[in-house]
Structure formats: C-alpha cells, structure tokens
Amino acid sequence: MGKVIVVEGLSDKSRITPLIAEPVTILCTNGTVSASRLEELLLPYEGQDMIILVDADSSGEKLRKLVKREFPEARHFYINRNYKEVAATPLRILMDVLITANIQVNKLLTEG
C-alpha cells in the first residue's frame, strides 16, 4: 500500500521531504480547501495510507475537520502547538512524528 502525506503548503513539503527515506507522495492543499477540492485532490489516493500533517492553527484545524468528514480512514498526526507550523517545527521533532506515522526516515539525519 502506498503512503500519502497531506500538508498545507510547499514550505511544509520542502521541510519534510529530505527527512523521508521511502517512496511517499506528499500533497499540498495550499491552505484550507473546499470539500469538493479536497475530494478532487485526495480521491485518487483513496485506499492508500493517508497521513495528515498540518499546522497547529485555525486553518489547519478546519482542514483536519474536513478531512475527517470526507476521508475518515485518514490518520492524523500533530505537531506541538508551540511550533504552530510544520515548516517551523525542529527537524528532530518532525522525524519523531514521521516515525510514529510508520514512515522510514533518513538515517543520516538521525546520526547528526
């Protein structure tokens, strides 16, 4: 089964991409989207392991609620509210979140 990580923006995607050591599709919603746009974006990946990793702010929470309603099988992972944004979260913390989500991380980065 393929894995898909849903983030809000390109800065989130560019922050987590170098951490991942397996084939994973990373989709950007570009912020809060409508139900129809979300369905259009995620429907092709239905049946895959869908991982939601969005900012700890109001737009991230709106997106989570929409995903929970439209794609209840998606798994939600959270960053600490102190960091607010995925892009601002320390790499070590993001790696821990990815490991918890059963994503293989780049071991070279864990040794540093």
Side-chain angles (χ1 to χ4, degrees):
M1 175 186 341
K3 295 179 183 176
V4 178
I5 300 175
V6 178
V7 297
E8 288 181 81
L10 287 174
S11 60
D12 301 332
K13 181 177 180 174
S14 63
R15 182 81 168 159
I16 65 171
T17 298
L19 304 177
I20 299 172
E22 67 175 296
V24 173
T25 301
I26 303 174
L27 300 175
C28 297
T29 66
N30 297 312
T32 305
V33 294
S34 66
S36 59
R37 175 69 183 114
L38 184 71
E39 192 170 304
E40 184 180 296
L41 182 68
L42 299 184
L43 208 51
Y45 302 95
E46 197 167 38
Q48 295 190 31
D49 184 10
M50 198 175 297
I51 296 159
I52 310 304
L53 183 62
V54 296
D55 295 346
D57 60 12
S58 61
S59 66
E61 287 307 311
K62 284 180 189 172
L63 183 55
R64 276 189 198 284
K65 286 179 185 173
L66 190 56
V67 170
K68 284 178 183 177
R69 191 175 73 224
E70 301 294 323
F71 295 89
E73 71 283 358
R75 299 187 303 137
H76 292 260
F77 292 86
Y78 298 83
I79 58 165
N80 187 305
R81 287 202 170 282
N82 294 334
Y83 303 121
K84 293 186 178 120
E85 300 176 356
V86 171
T89 302
L91 294 178
R92 179 72 237 173
I93 304 293
L94 285 175
M95 290 176 77
D96 289 344
V97 171
L98 293 170
I99 289 166
T100 302
N102 201 27
I103 301 286
Q104 294 175 18
V105 295
N106 187 337
K107 294 200 184 324
L108 294 176
L109 294 173
T110 60
E111 295 168 0

Next item on the list: To the nearest 0.5 Å, tell me how far D55 CG sits from I79 CD1.
Entry: 5.5 Å
Item checked: Distance, nearest 0.5 Å, that separates CG of L19 from CD of Q104 -> 13.5 Å
Checklist line | E39: partners by salt bridge (Lys or Arg N to Asp or Glu O under 4.0 Å), with sequence neighbours left out | finding: none
Check: What distance do T25 atom OG1 and K13 atom NZ have between them, rounded to the nearest 0.5 Å?
Finding: 8.5 Å
Margin query: Count I, L, V, M, F, W, Y as connected when their side-chain heavy atoms are under 4.5 Å apart, and connections chain through other members. Are L91 and I99 then in the same cluster?
Written below: yes
Checklist line | Contacts of type salt bridge (Lys or Arg N to Asp or Glu O under 4.0 Å), residue R64, not counting sequence neighbours | finding: E61
Check: Are the side chains of M95 and I16 in touch, meaning some heavy atoms are under 4.5 Å apart?
Finding: no
Next item on the list: Please identify each residue that fulfils salt bridge (Lys or Arg N to Asp or Glu O under 4.0 Å) with D96, with sequence neighbours left out.
Entry: R92
Next item on the list: Would you check if the side chain of R15 reaches a backbone N or O of T89 as a donor-acceptor pair within less than 3.5 Å?
Entry: yes
Next item on the list: Measure the spacing between CG of L66 and OG1 of T29 and express it to the nearest 0.5 Å.
Entry: 9.5 Å
In a table with atom names and distances, give each donor-acceptor pair under 3.5 Å that connects a side chain of residues 42-54 to protein atoms at least two apart or in another chain.
| unit_1 | atom_1 | unit_2 | atom_2 | d |
| --- | --- | --- | --- | --- |
| D49 | OD1 | R75 | NE | 2.9 |
| D49 | OD1 | R75 | NH2 | 3.4 |
| D49 | OD2 | R75 | NH2 | 2.9 |

Checklist line | Approximate separation, where rounding is to 0.5 Å, of L41 CG and C28 SG | finding: 9.0 Å
Checklist line | Under 4.5 Å side-chain linkage, directly or through intermediates, the cluster mates of I93 | finding: Y83
Item checked: From N102 atom CG to F77 atom CZ, the distance as rounded to the nearest 0.5 Å -> 8.5 Å
Notebook entry, point to check: Where do E70 and A35 come nearest, in terms of heavy atoms and distance?
Noted result: OE2-CB, 3.8 Å
Notebook entry, point to check: Sequence neighbours excluded, which residues qualify as side chain to side chain contact (heavy atoms under 4.5 Å, CB included) partners of V24?
Noted result: K3, I5, I20, E22, I26, I103
Check: Mind checking whether H76 and V67 have side chains closer than 4.5 Å, heavy atoms only?
Finding: yes
Check: If you take all heavy atoms of G60 and D57, which pair is closest and at what distance?
Finding: N-OD1, 2.8 Å
